[in-house]
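The first residue of the sequence shown is numbered 1, and numbering continues consecutively from there.
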Amino acid sequence: APSFAMDLKIMGSSAYIARRNDGLEIVDISNPEFPIHIGEIDLPGEAHDLEVDNALVYFADEIGLRVIDASNPSSPALIGSVTTPAKSWDLCIDDDGIVYLADRFSGTSTQSSVRVYNMTNPASPNQIASVSYGPLGRVQHVHALGDQLFVVHGNDLQSLDVFFFF
């Protein structure tokens with residue numbers, strides 16, 4: 001049996017599920033009463049979050065950022081990845097294809113941060129900026145809305161102008 005779901009995104013008639021210890025599962029929901037398993041890709045590490053942008057799935061796990069090509073949903077393929085020093089906990093993608101990744105400290109890393117990636121070439125994510133929140137920041141969630149990036153760290157909500165990163 002697959003591990004429990006950590007996140008779910010719907011795109012068209014497909015459901016994309018981040019399975020905690022089993023990677024990505026894609027399910028056809030064109031008939032919601034009878035969902036059909038289409039495909040999967042097993043990824044090492046504990047899954048936390050995903051975002052879908054056209055045929056690309058951006059995946060945050062305890063190892064870092066993964067980029068999966070799901071253009072053939074029966075056989076999704078890992079096409080790019082970045083290892084981060086802390087667990088990648090949450091991510092979002094803005095209208096310009098910029099990915100914001102929330103890293104939470106883990107056993108070997110005492111830093112939490114938001115990392116910013118240009119995804120012009122999804123096979124090779126390019127980190128263009130980061131903001132460190134230190135050992136007490138515990139970055140948990142990020143959400144891009146227009147020119148603002150909202151960050152939940154610790155007990156605080158912070159709004160950053162995205163131009164801060166460029």
Side-chain angles (χ1 to χ4, degrees), residues 1-128 130 138-144 149 151-153:
S3 61
F4 63 90
M6 297 296 287
D7 195 22
L8 165 70
K9 297 293 188 286
I10 305 293
M11 176 73 66
S13 62
S14 296
Y16 299 83
I17 304 169
R19 295 279 181 194
R20 183 174 185 174
N21 297 312
D22 297 318
L24 173 69
E25 178 182 12
I26 303 173
V27 177
D28 180 343
I29 57 169
S30 56
N31 183 346
E33 293 185 32
F34 299 101
I36 300 170
H37 172 87
I38 300 174
E40 63 188 41
I41 181 170
D42 191 18
L43 300 168
E46 183 178 291
H48 295 132
D49 190 37
L50 64 86
E51 291 292 335
V52 181
D53 185 35
N54 296 315
L56 295 177
V57 179
Y58 298 92
F59 201 84
D61 64 22
E62 69 181 354
I63 295 172
L65 171 66
R66 315 295 185 115
V67 184
I68 301 161
D69 180 350
S71 58
N72 177 359
S74 64
S75 185
L78 180 67
I79 60 168
S81 66
V82 174
T83 301
T84 58
K87 289 183 180 184
S88 295
W89 196 257
D90 191 38
L91 64 90
C92 66
I93 184 166
D94 72 10
D95 294 336
D96 296 320
I98 303 295
V99 168
Y100 300 89
L101 184 69
D103 268 358
R104 253 174 50 174
F105 59 85
S106 60
T108 58
S109 173
T110 60
Q111 299 296 311
S112 282
S113 64
V114 173
R115 297 174 189 281
V116 184
Y117 295 92
N118 180 322
M119 300 306 293
T120 304
N121 178 2
S124 183
N126 179 28
Q127 183 174 324
I128 55 176
S130 68
R138 196 169 186 132
V139 178
Q140 294 174 287
H141 299 287
V142 290
H143 185 87
L149 178 69
V151 179
V152 173
H153 58 93

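From Thr120, atom OG1 reaches atom CD1 of Ile98 across 6.5 Å, with rounding to the nearest 0.5 Å. To the nearest 0.5 Å, the span separating CD1 on Ile10 from CD1 on Ile29 amounts to 3.5 Å. Atoms OG and CE, from Ser124 and Met119 in turn, are 8.5 Å apart once rounded to the nearest 0.5 Å. Note that the OH atom of Tyr58 and the CG atom of Leu101 stand 12.5 Å from one another [nearest 0.5 Å]. The CD atom of Gln140 sits 8.5 Å away from the OG atom of Ser112 when rounded to the nearest 0.5 Å. With values rounded to the nearest 0.5 angstrom, Asp94 atom CG is found 4.5 Å from Tyr100 atom OH.
In this structure the side chain of Val99 never reaches within 4.5 angstrom of the side chain of Pro125, judged on heavy atoms. No side-chain heavy atom of Asn126 sits under 4.5 Å from any side-chain heavy atom of Asn121. Within the 4.5 Å cutoff, the side chain of Glu46 has no heavy atoms near those of the Ser3 side chain. The shortest side-chain heavy-atom distance between Val82 and Gln127 does not fall under the 4.5 Å cut-off. For the pair Trp89 and Val139, the minimum side-chain heavy-atom distance is 4.5 Å or more. Inter-residue side-chain proximity for Val142 and Leu149 is flagged as met; some heavy-atom pair is nearer than 4.5 Å. Between Asp69 and Pro122 the shortest side-chain heavy-atom distance does not fall below 4.5 Å. A heavy-atom distance below 4.5 Å is not found between the side chains of Val57 and Pro76.
Counting heavy atoms of neighbouring residues, nucleotides and ligands inside a 6.0 Å radius, atom CG of Asp95 does not exceed 12 of them.
The existence of a salt bridge linking Lys9 and Asp53 is excluded, since no basic side-chain nitrogen approaches an acidic carboxylate oxygen closer than 4.0 Å.
Taking each heavy atom of Pro73 and Ser71 in turn, the nearest pair found is CD-O, 3.3 Å. Shortest non-hydrogen contact noted between Gly45 and Glu62 is CA-OE2, 3.3 Å. Contact between Pro85 and Asp103 at its shortest, heavy atoms only, is CD-OD2, 4.3 Å. A pairwise comparison of heavy atoms in Ala47 and Met6 identifies O-CG, 3.2 Å as the closest pair. When all heavy atoms of Val67 and Leu78 are compared, the pair lying nearest together is O-CD1, 3.5 Å. Taking both residues in full, the closest heavy atoms of Thr84 and Ala86 are given as OG1-O, 2.8 Å, listed atom of the first, atom of the second, then distance.
Of the possible donor and acceptor atoms, one in the side chain of Asp7 sits under 3.5 Å from a partner among the backbone N and O of Leu50. Of the possible donor and acceptor atoms, one in the side chain of His48 sits under 3.5 Å from a partner among the backbone N and O of Ser88.
Side-chain atoms of His37 and Glu25 form a donor-acceptor pair, as typed in the model, at a separation below 3.5 Å.
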